[in-house]
Each structure stands twice: as C-alpha cells, then as structure tokens.
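Report on one structure; see the data block that follows.
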Amino acid sequence: MRSVERPQTGEEETTGTEPTIEVSSPYRLEDRGSRIIPAVIRIALGILWASNAGWKRPPEFESLHRFTSFAVSHPVFPPYSWLVDNAILPNFAFFGWLVLLVEAALGAFLLVGLATRFWAVVGMLQTTAIALSVLNAPNEWEWSYYLMFLAHLAIFAAAAGRVAGLDGLLRARWRASQGLLARALVRAS
Amino acid sequence: MDDRARRFALVMAIAAISLGAIGFVYALDARIDTPGGVRVVTGQFLGGGELLFLNRIGAVATVALGVVALAGALFRSRRFVLAAGLGFAAAALLTLVQTGGDTNWLGGRASTFAFFLAGAVGFSILSSISQPTNAQ
C-alpha cells in the first residue's frame with residue numbers, strides 16, 4: 001500500500017508560518033452531525049424510490065397506468081395532459097419499463113451515493129412528472145410532492161454523496177484524472 | 001484496499017447479510033420458490049410502500065453474497081469484493097428479467113432489483129479502489 005499525494009486542487013492551502021486550516025470538506029461544516037444529515041436524507045430518498053419501484057409490475061403496469069391516467073382525468077397542466085393522452089398511454093409498456101428502470105436506478109445510486117447530484121436532478125424531474133400526473137387526483141396531498149422536490153434540492157445543494165457515499169471516496173481520484181468520464185463525475189457528484 | 005473503501009464495504013456487506021437473514025425468516029412460511037416473494041420490510045412505517053421482496057432462495061443468495069463481500073472487506077481482498085459485486089449484478093439482472101412473470105427464482109420485484117443494483121454498483125466500484133487517498 002503506498003500513499004498518494006494530495007491533489008493540487010486549490011482546496012487545501014497552508015504556508016509555513018500560518019496555522020493549518022482544515023478545509024478538506026467541500027462545504028466546511030464543522031458539526032459532524034450536520035455533515036451526516038444530508039447523507040441520511042439521501043439514503044431515505046434512495047429507500048423511497050426503491051420501495052416505490054416495487055409496485056411497478058410488468059408487463060401490464062396496471063397501478064402505474066391508473067395513476068398516470070389521472071393526468072388526463074384530473075389535469076394539472078394541459079400540455080402535459082395532452083402528452084400523456086397522445087404519447088405515453090398509447091405506448092405504456094415502454095413507458096412503464098422506463099419508469100421502473102429510472103426509479104430503481106434512483107434508489108440504487110442514491111443509496112450508495114454515486115453521482116448524487118446528477119441523480120438528485122433526475123429525482124426532481126421524476127417528482128415533477130409524478131406531480132403533474134396526480135396533483136389534482138382524489139386523496140392526494142400536494143405538499144408531499146413539493147417536499148419530495150425540496151428534499152432532492154437539498155441533497156443536490158449539500159452534495160450529499162460526499163459524506164458516507166461513494167462520491168466522497170472517489171471524488172479526489174476523479175479530480176486527478178483528465179478523462180471525460182471522470183470530469184463528468186466530478187460535476188455529477 | 002483503501003481503509004475508507006474497506007469500511008464502506010463492511011457496512012454494505014452487513015446490511016446485505018441482515019436484509020437476507022430477515023428475508024429468510026419472513027419467507028419461512030412460504031414455498032421455497034414463491035414467485036411473488038415475501039416482504040422483508042413491510043414498509044408500514046415508510047408510508048405503506050413495498051420495500052423489499054425475497055423468497056428463501058433470494059434470501060440465501062443475498063446472505064451468501066454479503067458473506068463474500070464481508071470476507072473481502074475483512075481480508076482486504078478486492079477479488080472477493082468484486083465477486084460479490086458481480087454476483088449482485090447477476091441477481092439484479094435475473095430479478096429484472098423475471099419480475100412480474102410466473103417464474104421468479106429469487107422472488108424479487110423492482111424494489112429488490114434496486115437493492116441488488118446498489119450492491120452491484122457499490123461492491124464493483126469499491127473493488128476498484130486500491131490506493132489510499134487523503135483528500136475528499
């Protein structure tokens with residue numbers, strides 16, 4: 001096992017006469033408890049998406065079809081209702097698999113904290129799509145979708161994969177690499 | 001293996017073993033290859049979701065893969081951790097292909113696929129980390 005030099009990223013600077021300032025955390029939160037809270041929210045969101053992927057059942061996706069149809073029967077945003085009615089419902093098998101894969105991937109990647117900021121954006125988009133389908137449906141509490149959106153915004157802002165996540169383990173390596181994928185992952189984390 | 005990666009693998013392995021063990025207990029009353037699976041965590045406290053489904057075969061597979069990952073983390077063997085990652089990838093693919101069908105060897109649903117995918121991604125990436133790093 002050999003040591004690796006700290007990357008010259010500009011994030012850590014000391015001089016011979018000035019006291020060392022520990023600034024290795026990307027967001028410089030001093031309280032350990034406060035650092036871990038975004039990770040807890042990230043993992044909770046991962047469980048949320050994973051568990052809700054569970055009721056998307058191929059090949060018919062009956063429950064998903066019923067909820068998606070609310071976009072037409074209880075419209076929230078007319079252009080979206082038109083899209084659902086004319087593009088999504090007629091091709092529902094494809095759409096069902098797409099939703100299943102996106103929500104399962106959201107669950108998996110948020111659980112392990114890989115490319116967290118990218119998946120937080122995907123989570124916000126998916127939350128928006130769900131909200132546009134069911135916001136006016138019976139027995140829905142609209143604030144649940146606003147809170148879902150805000151929770152994803154919070155983990156995006158806090159870069160929640162950098163604590164207790166793979167982003168935190170790998171980010172320094174990605175920064176040291178010149179590869180396109182590594183640079184993309186730096187942005188996505 | 002990097003110490004932080006090793007700790008991460010340890011936590012993931014213990015989580016996998018725990019979920020598999022709980023799943024096995026829940027699945028004791030079901031047929032060994034129950035296609036629909038048995039809920040490991042009912043999700044009642046999580047809003048009535050369907051968190052994780054496994055039958056006994058799926059539960060044993062999850063525990064076995066967790067044990068392989070645990071051994072890899074304890075003995076700093078990247079090959080073992082990679083083997084666990086590839087095993088979870090195979091389990092994820094099998095679950096995805098069979099979910100919703102009459103034949104479902106592991107008793108999984110899409111939520112089970114998500115957890116297997118997390119194991120596949122997590123252990124595979126952790127097995128690639130060979131050098132220590134000081135910066136985050």
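Proximity to chain B (any heavy atom under 4.5 Å) is shown, for W49(A), by neither the backbone nor the side chain. Only the side chain of L126(B) comes within less than 4.5 Å of a heavy atom of chain A; its backbone N, CA, C and O stay farther away. There is no contact between L106(A) and chain B, counting heavy-atom distances below 4.5 Å. If you measure heavy-atom distances from I125(B) to chain A, the contacts under 4.5 Å come from the side chain alone. With a 4.5 Å cut-off on non-hydrogen atoms, L114(A) touches chain B through its side chain but not through its backbone. A44(A) does not touch chain B: none of its heavy atoms, backbone or side chain, sits under 4.5 Å away.
With respect to chain A, the highest number of heavy-atom pairs below 4.5 Å among A5(B), A118(B), G122(B) belongs to A118(B).
Linking Ile, Leu, Val, Met, Phe, Trp and Tyr residues whenever their side-chain heavy atoms come within less than 4.5 Å leaves V121(A) and L111(A) in two separate clusters. Transitive grouping of hydrophobic side chains (ILVMFWY, heavy atoms separated by less than 4.5 Å) brings L10(B) and I17(B) into a common cluster.
For the atom pair CZ (F95(A)) and NZ (K56(A)), the distance works out to 9.5 Å, reported to the nearest 0.5 Å.
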Listing, residues 62-72 of chain A side-chain donor-acceptor contacts under 3.5 Å, not counting sequence neighbours, or none:
residue: T68(A); atom: OG1; partner: L64(A); partner atom: O; Å: 2.6
residue: S69(A); atom: OG; partner: H65(A); partner atom: O; Å: 2.7

Begin with the C-alpha distance, continue with both residues' side-chain angles, and end with the deciding distance and a verdict on side chain to side chain contact (heavy atoms under 4.5 Å, CB included) for H74(A) and V134(A).
CA-CA 7 Å; H74(A) 300 76; V134(A) 302; over 6 Å; no
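Side-chain contact check for R171(A) and S189(A): at least one donor-acceptor pair (N or O, by modelled atom type) lies under 3.5 Å.
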